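Single-structure report; data block below.
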Amino acid sequence: MSAITDRFAKQHPKSRNVAADGGSLFPEGVTHVSRKLTPFPVYMERGQGPRKWDIDGNEYIDYRTGHGSMILGQAHPEIVKAVQTQMAKGTHLSASTELEIQWAQAVKRLVPSVEKLRFVSSGTEAVMMAFKVARSYSGKDKIVKFKGAFHGWSDSAYVTDPDTDQRYGIPRGTSESMIVLPERDIAALEKVLSSRHDVAAVIFQGNEIARPEFVRGLRDVTRRHKTILIFDEVVSGFRWSRSGAQGHFGVDPDLSAFAKILAGGLPGGAVGGKADMLNRISEDGVRHPGTFNANPLSAAAGATALRMIAEQPIGERAEASARRLRGGLNRLLQEMEIPGGAYGMSSIVMVSLGKDVDTRDQYAVPAGTEQGGRPITSEALDELHLALINEGLWTHPASFILSSTHSDKDIDATVEKYRAGLKEVRKVGLI
Ligand code: PMP
């Protein structure tokens with residue numbers, strides 16, 4: 001056992017005990033792949049603003065922020081109040097509520113491309129529904145996605161490669177209904193749409209780091225070929241700008257999928273867009289009978305969060321903190337003579353370790369391996385992950401998702417904790 005793992009085990013005795021139960025209850029011992037950790041997962045107890053505490057009482061600065069849903073930080077008093085008020089009035093009234101109207105109006109106020117919408121329970125469902133609407137509206141089958149994009153875990157969205165899809169439980173017919181193109185390749189899209197007439201829609205992951213020419217190109221090409229353009233705004237929605245990636249890039253998609261921030265940290269999603277397309281959701285069209293559609297708790301949290309985002313500089317604050325963090329981490333990597341850099345868009349900070357990236361360009365991604373550079377090994381990254389947890393950072397070492405509650409002091413402390421983590425990994429000879 002390395003000194004890092006040893007310290008981790010010493011700091012988390014209660015988590016280790018609970019993990020023994022988790023191991024027998026859940027496949028892989030966890031309920032989400034990103035919560036997996038070797039030697040055992042950490043069990044979290046509570047959060048407040050930018051901080052979280054685990055069941056052993058260890059304190060963390062939080063950069064997973066509810067997988068990106070908590071841009072307001074943990075347990076924001078206004079969200080707590082909205083949910084508690086509704087909780088006492090009933091959590092499912094099996095009828096329409098005024099809350100769903102307020103929630104929908106809040107979305108429309110922020111995202112002009114949304115003429116009509118439907119609420120679902122997650123981002124996965126929102127993308128599923130966008131595909132269904134696009135297929136039903138166009139009368140065509142195929143959906144184009146870009147390689148490496150993540151659009152939730154439904155059969156269609158998860159299609160990667162017909163050879164491996166079956167292992168993921170995806171039927172061959174579904175694999176055949178998707179066309180997977182190389183990432184950020186507008187020429188490949190032009191070629192597909194000029195040569196085939198069975199494409200219902202193209203989906204773009206709004207939080208992919210892409211150049212404006214490419215994103216605007218998507219709109220031009222799809223418009224020319226009369227193909228529906230779907231923006232997956234599950235992560236970028238209400239974060240990249242108040243109106244998401246579409247606002248940042250100035251692009252008007254036909255359909256958008258939302259979740260995460262949309263529901264103020266509770267489960268929830270929405271598909272929205274052109275009214276004539278959404279109107280396909282009907283008795284003789286696309287069916288949508290979901291028990292928790294627009295449930296009052298998510299509606300209360302979501303309407304409150306979106307109102308705050310509209311009226312306060314929530315996204316701006318998170319972005320300023322992200323800029324400060326990128327700057328601090330870049331100075332740190334230079335000082336420690338580690339090639340790479342902190343980069344990324346909006347209030348998400350990515351870190352490339354061992355592989356160079358142009359940190360002055362918000363649209364830059366690390367150079368490909370063919371251009372040289374040597375990324376650190378996955379073993380080193382795993383050690384760094386544990387070392388950062390030991391120092392009190394709840395983050396993946398290569399990706400931080402900021403909230404509006406992180407202060408300059410938190411960011412500066414984070415850089416120092418990252419320094420301590422890197423030093424520990426250097427001590428065991430992995431960096
Ligand atoms: N699309 C994107 C871009 C996502 O990042 C995610 C989840 N992280 C999803 C869709 C699926 O959302 P959910 O986890 O709410 O089903």
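Since the structure is predicted, the reported quantities are computational estimates derived from the model, not experimental observations. Ligands are counted one by one from 1 in listed order, and the atoms in each one are counted from 1 as well.
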Requested in this report: Assess whether side chain to side chain donor-acceptor pair (under 3.5 Å) is satisfied between Ser321 and Arg317, documenting all intermediate values.
Outcome: CA-CA 6 Å; Ser321 295; Arg317 265 190 235 135; over 6 Å; no
Query raised in the report: With the threshold set at 4.0 Å, does a side-chain nitrogen-carboxylate oxygen contact exist between Arg324 and Asp408?
Result: yes
Query - Centroid-centroid under 6.0 Å between Tyr63 and Tyr418 rings - result: no
Report summary line: Of all protein heavy atoms, the one nearest atom 4 (C) of ligand 1 is Phe150 CD2, 3.7 Å
**Report entry** Protein contact of atom 5 (O) of ligand 1 - nearest heavy atom, named by residue and atom, plus distance
**Finding:** Val235 CG2, 3.2 Å
Report summary line: Quick note on ligand 1: atoms under 4.0 Å from a heavy atom of Ser122 include exactly 15 (O), 16 (O)
**Report entry** N or O pair under 3.5 Å between Asn207 and ligand 1
**Finding:** no
Report task. Among all protein heavy atoms, pick out the one at the shortest distance from atom 14 (O) of ligand 1; state its residue, atom name and that distance to 0.1 Å. Result -> Thr124 OG1, 4.5 Å
Requested in this report: Kindly compute the distance separating CG (Leu325) from CG (Leu402), expressed to the nearest 0.5 Å.
Outcome: 6.0 Å
Query raised in the report: Once the angle between the rings of Trp103 and Phe119 is folded into 0 to 90°, is it parallel (under 30°), tilted (30 to 60°) or perpendicular (over 60°)?
Result: parallel
Query raised in the report: Please state which protein non-hydrogen atom is closest to atom 12 (O) of ligand 1 and give its distance, to 0.1 Å?
Result: Gly123 CA, 3.3 Å
Query - Side-chain H-bond candidate by donor/acceptor type, Gln246 with Ser256, under 3.5 Å - result: yes
Query raised in the report: Hey, is Lys260 one of the residues with a heavy atom under 4.0 angstrom from ligand 1?
Result: yes
Report summary line: If you compare Gly152, Gly268, Ala149 by their heavy atoms, the one closest to atom 10 (C) of ligand 1 turns out to be Gly152
Requested in this report: Taking atom NZ of Lys52 as the centre, report whether more than 12 heavy atoms of other residues, nucleotides or ligands fall under 6.0 Å from it.
Outcome: yes
Query raised in the report: Closer than 4.0 angstrom: is that true for some heavy atom of Gln205 and an atom of ligand 1?
Result: yes
Query raised in the report: Among protein heavy atoms, which sits nearest to atom 1 (N) of ligand 1, and what does the distance come to when rounded to 0.1 Å?
Result: Asp232 OD2, 2.7 Å
